[in-house]
Amino acid sequence: MNDDELMALARQAAGRAYAPYSKFNVGCAIESADGDVVTGANMENACYRLGICAEQSALTAAQHRFGLDKVARIAVSGGEGPMVCTPCGGCRQAILEAAQLSGRDVEILCSSGDGSVVERYRISALIPHGFGPANLD
Ligand code: THU
């Protein structure tokens, strides 16, 4: 699947977000090393702090569909305007977990909600000097 196709799935997933409080819809699509794809969206809660992010939602789906150690590429799209949505700190940590399991410097495509801007990062750039499962070996 090419970048545009993966991002299109993330944008589509954002349409299934449950974000009545922030009204900030985020979608995420994760591709495995074998080309399988899962998606997720943020899911908020009346107890605000219990909401989960799109990336965590998609990572959970990835865990069940193909395993965290197969995570290869991630696309994230959020909001409505031209500002790029990059994963929050907690999601970076969660992606780092999958990255260290697989030994892959996972690629993360980040899009603005309106789709006008896409930035490409590696997890090593988004969470330098991170603490992960490798530290517990
Ligand atoms: N959100 C995500 O789903 N992913 C991120 O990386 C950034 C933030 C969600 C959480 C909350 O539902 C809404 O966006 C506003 O913060």
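Both counts, for ligands and for their atoms, begin at 1 and track the order of listing. Heads up: numbering here begins at 1 and tracks the sequence.
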Check Lys70 with Asp36, please: is the shortest side-chain N to carboxylate O separation under 4.0 Å?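 Result for this pair is no, no salt bridge flagged.
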Could you verify whether a donor N or O on one side chain and an acceptor N or O on the other, from Ser22 and Glu44, lie under 3.5 Å apart?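 Note: Ser22 and Glu44 side chains meet the donor-acceptor criterion.
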Side chain to side chain donor-acceptor pair (under 3.5 Å) for Asp34 and Ser32? Distances and angles first, verdict last. CA-CA 5 Å; Asp34 302 321; Ser32 77; 4.7 Å; no
Can you produce the list of protein nitrogen or oxygen atoms under 3.5 Å from a nitrogen or oxygen of ligand 1, alongside each distance?
residue	atom	partner	partner atom	Å
ligand 1	3 (O)	Ala54	N	2.8
ligand 1	4 (N)	Glu55	OE1	2.8
ligand 1	6 (O)	Glu55	OE1	3.3
ligand 1	6 (O)	Glu55	OE2	2.7
ligand 1	6 (O)	Cys88	N	2.9
ligand 1	12 (O)	Asn42	ND2	2.9
ligand 1	12 (O)	Glu44	OE2	2.5

For Tyr21, what residues pass the ring pair (Phe, Tyr, Trp, His ring centres under 6.0 Å) criterion, not counting sequence neighbours?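 Partners of Tyr21 by the ring pair (Phe, Tyr, Trp, His ring centres under 6.0 Å) criterion, ordered by chain and then number, come out as Tyr48.
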If you round to the nearest 0.5 Å, how far is CD1 of Ile95 from CG of Leu68?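 One finds 11.0 Å between CG of Leu68 and CD1 of Ile95.
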Could you tell me whether the side chain of Asn42 and the main chain of Val26 form a donor-acceptor pair under 3.5 Å?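 Looks like yes, one N/O pair under 3.5 Å.
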